[in-house]
Amino acid sequence: MTYVSCFYHAFSGAQKAETAANRICKVLAVNQENEHLMEDYEKLASDLLEWIRRTIPWLENRAPEKTMAEMQQKLEDFRDYRRVHKPPKVQEKCQLEINFNTLQTKLRLSNRPAFMPSEGRMVSDINGAWHKLEGAEKGYEEWLLNEIRRLERLDHLAEKFRQKAAIHESWTDGKEAMLTQKDYETATLSEIKALLKKHEAFESDLAAHQDRVEQIAAIAQELNELDYYDSPSVNARCQKICEQWDALGTLTQNRRESLERTEKQLESIDELYLEYAKRAAPFNNWMEGAMEDLQDMFIVHNIEEIQGLITAHEQFKSTLPEANKERESIQAIQAEVQKIAQYNGIKLAGNNPYTSITPQSIDKKWEKVQQLVPQRDQALQEELARQQSNDHLRRQFANQANMIGPWIQTKMEEIGRISIEMNGTLEDQLTHLRQYEQRIIEYKPNIDQLEGDHQLIQEALIFDNKYTSYTMEHLRVGWEQLLTTIARTINEIENQILTRDAKGISQEQLHEYRTSFNHFDKDHSGVLQAEEFKACLISLGYDVETDKQGEAEFARIMGIVDPNNSGAVTFQAFIDFMSRETTDTDTADQVIASFKILAGDKNFITAEELRRELPPDQAEYCIARMAPYAGPDAVAGALDYMSFSTALYGESDL
């Protein structure tokens with residue numbers, strides 16, 4: 001008992017120690033896992049906060065760039081940040097929150113106190129930093145877009161400034177030299193007057209450019225206000241333009257005063273020059289327009305259009321006398337200028353200062369107009385003759401087409417009636433149709449003549465014909481259909497004759513068949529549709545109602561009369577069916593019975609019996625095609641006349 005007691009106490013203590021050790025290991029494992037999660041959280045939080053700390057200053061940097069390319073690069077960097085750098089951090093933030101919630105849940109389940117991150121690394125701190133990051137991000141994006149718009153505006157303004165400045169500088173090039181020349185000191189009176197007018201025109205041009213100079217200054221001011229990076233060069237260029245503009249104004253005023261001091265009393269010559277210019281310009285434009293109209297190509301398609309052109313040309317010719325008076329008046333003004341200059345000993349400076357149109361050019365263009373008028377007359381008359389010829393071709397074709405079209409339609413209708421009606425015997429109908437066919441063939445020269453007229457129309461490039469609604473294509477198709485219809489109708493009558501003679505059908509029966517066929521041909525199409533044929537069969541007493549047995553019987557009959565599955569029954573097929581149903585025809589059984597008689601009631605027949613009973617050619621035909629007989633009573637050379645007979649009627653393979 002002492003030993004047992006000692007063993008009991010020893011083993012009981014060891015078990016308690018093992019249980020205690022397991023509990024401690026479990027607690028330590030949970031604690032270690034929690035500490036690992038805390039360390040991961042601290043590290044993730046530190047890294048994320050550090051990234052946010054580094055990123056926010058970059059997003060808050062509002063230092064503007066000078067060029068659009070640099071700002072575009074910033075925008076591209078920001079897009080890379082959005083597409084590449086930020087999404088992983090969003091995932092890290094989400095993972096951080098997941099780890100924090102998981103850690104708190106595990107601590108709570110293991111009766112541990114809640115985890116308190118280091119100061120500044122709470123989830124709320126991270127959310128706050130993240131909110132600040134997104135605020136900076138939104139502000140940065142808005143700033144980028146505004147800055148790009150500003151730079152776009154600046155680039156646009158700078159380019160506008162350069163363009164306007166270049167235009168202005170190009171315009172002012174040589175103007176100072178022009179204003180400072182002393183050409184008026186040795187000029188004649190007429191030259192001085194012209195120079196004065198020219199100077200007035202320059203002053204008007206100068207005043208018109210005042211707005212451009214003001215625009216250039218306003219653009220430069222706006223560039224300065226928008227802090228354009230190259231404002232110094234813009235200001236320098238603007239200053240130079242303004243100073244040059246002031247100098248031009250002073251020089252312009254000085255030259256005007258000099259010209260006015262030397263201006264003489266010869267206003268009449270100037271007034272005559274001005275009157276000449278005012279009247280010569282519209283007259284010159286009228287002549288140029290007239291020459292253009294007289295040489296203009298015209299495309300007409302009928303007599304009315306060419307007659308309209310001829311009428312307009314006649315109206316134009318009626319204005320020529322008045323135009324010639326205007327030309328003579330204009331030339332008289334120039335003659336008066338020469339007369340005054342010679343009388344007063346004035347040296348004319350040259351051409352009219354108000355226009356480049358000379359009297360010689362006016363006379364030359366007038367002569368050209370006079371030459372073009374008869375040419376236009378000839379061209380219009382030639383076109384009128386061509387259109388009259390075309391109209392004759394239209395009428396010629398239309399007269400023929402308007403006769404042939406109704407003729408073809410009438411013949412088609414008559415053939416249709418002949419094929420449906422039963423007037424006389426089939427031979428009478430066939431004779432009538434062949435006479436009809438001959439008359440149609442004899443009509444062919446009219447078609448050929450119409451083809452010739454159509455060829456002439458095509459060669460004349462005539463595309464319309466108001467005198468007829470028929471086209472050659474339409475008539476050609478109708479003619480071909482007519483020939484096809486008469487040939488098909490004749491063939492049908494011939495087949496009906498063959499059927500009648502082969503099956504012994506009387507004329508009265510054929511008449512009854514045609515009457516029944518026409519009665520159920522409700523749409524007068526010349527064929528019976530499936531439903532029309534079914535109605536006809538029902539009227540004849542066939543059991544083809546809508547039940548299963550009736551449908552099968554109707555399908556069998558349709559297979560006989562419509563083997564091609566066209567869905568329609570022709571009159572010939574109708575006759576074949578009706579004659580098959582009403583006449584006594586040979587059958588496979590009748591032929592087998594006949595062969596059995598020749599064979600002496602045997603189930604087979606020999607070649608000798610066939611040669612003895614049948615003509616030689618028919619006997620050899622049967623011997624070549626009859627299969628050997630394989631019955632129990634077969635003898636050498638026995639032939640199977642039963643399979644041969646059934647094959648003749650399609651009831652087995654031959």
Side-chain angles (χ1 to χ4, degrees), residues 392-459 462 465-502 505-519 521-528 566 568-576:
H392 173 71
L393 291 176
R394 289 189 183 95
R395 291 178 183 273
Q396 182 175 317
F397 178 85
N399 291 337
Q400 284 289 100
N402 290 336
M403 290 189 298
I404 292 175
W407 184 87
I408 291 175
Q409 183 64 31
T410 301
K411 296 304 176 186
M412 289 288 289
E413 294 173 356
E414 290 176 356
I415 292 171
R417 286 196 298 272
I418 291 173
S419 65
I420 293 175
E421 297 173 356
M422 294 287 291
N423 295 327
T425 64
L426 291 178
E427 285 77 6
D428 294 340
Q429 294 179 40
L430 184 61
T431 301
H432 188 196
L433 283 172
R434 283 176 175 163
Q435 293 172 353
Y436 223 84
E437 182 183 31
Q438 184 60 35
R439 288 198 295 272
I440 291 173
I441 293 173
E442 292 172 355
Y443 199 78
K444 182 66 164 57
N446 295 306
I447 302 296
D448 295 337
Q449 181 182 352
L450 190 64
E451 288 280 7
D453 294 342
H454 181 251
Q455 180 67 26
L456 294 176
I457 284 178
Q458 287 186 321
E459 292 173 356
I462 300 173
N465 193 337
K466 65 181 180 180
Y467 302 113
T468 181
S469 60
Y470 293 102
T471 64
M472 194 62 234
E473 290 74 16
H474 177 265
L475 295 174
R476 194 180 292 122
V477 171
W479 174 254
E480 292 171 354
Q481 289 179 344
L482 179 61
L483 293 177
T484 302
T485 301
I486 186 65
R488 185 173 61 247
T489 305
I490 289 173
N491 179 256
E492 289 177 355
I493 297 298
E494 290 174 342
N495 289 336
Q496 291 175 25
I497 292 174
L498 290 175
T499 303
R500 181 199 64 188
D501 295 343
I505 302 173
S506 66
Q507 185 66 29
E508 290 74 15
Q509 286 178 306
L510 282 175
H511 182 75
E512 291 176 2
Y513 293 159
R514 170 55 76 178
T515 302
S516 299
F517 188 88
N518 292 344
H519 174 75
D521 184 14
K522 301 300 182 182
D523 55 358
H524 304 291
S525 61
V527 295
L528 293 180
S566 64
V569 180
T570 64
F571 182 60
Q572 181 62 41
F574 181 75
I575 292 175
D576 290 341

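Owing to the predicted nature of the structure, the values given are computational and were not obtained by experimental measurement.
- Considering CG of Leu482 and CD1 of Ile408, their distance stands at 6.5 Å, rounded to 0.5 Å.
- Side-chain atoms of Asn491 do not come within 3.5 Å of backbone N or O of Ala487 as any donor-acceptor pair.
- Taking the side chain as every heavy atom from C-beta outward, Thr431 and Arg434 never approach each other to under 4.5 Å.
- When all heavy atoms of Ile404 and Leu450 are compared, the pair lying nearest together is CD1-CD2, 3.8 Å.
- Rounding to the nearest 0.5 Å places CD1 of Ile440 at 9.5 Å from CE of Met412.
- Atom CE in Met403 sits 12.0 Å away from atom OH in Tyr470 (nearest 0.5 Å).
- Atom CG of Leu393 and atom CD of Gln458 lie 12.0 Å apart (nearest 0.5 Å).
- Using cut-offs of 30° and 60° for the angle between ring planes, the His454 and Phe397 rings count as tilted.
- In this model, no donor atom of one side chain and acceptor atom of the other lie less than 3.5 Å apart for Glu451 and Gln455.
- In plain terms, the two heavy atoms of Ala401 and Pro406 that are nearest each other are O-CD, 4.0 Å.
- To the nearest 0.5 Å, atoms CD1 (Ile441) and CG (Leu483) are separated by 7.0 Å.
- Arg395 and Tyr467 share a donor-acceptor pair across their side chains, judged by distance under 3.5 Å alone.
- Screening Glu473, Gln481, His474 for a side chain to side chain contact (heavy atoms under 4.5 Å, CB included) with Val477, the sole residue that qualifies is Gln481.
- Taking CG of Asp453 as the reference point, atom CD of Gln400 lies at 6.5 Å (rounded to 0.5 Å).
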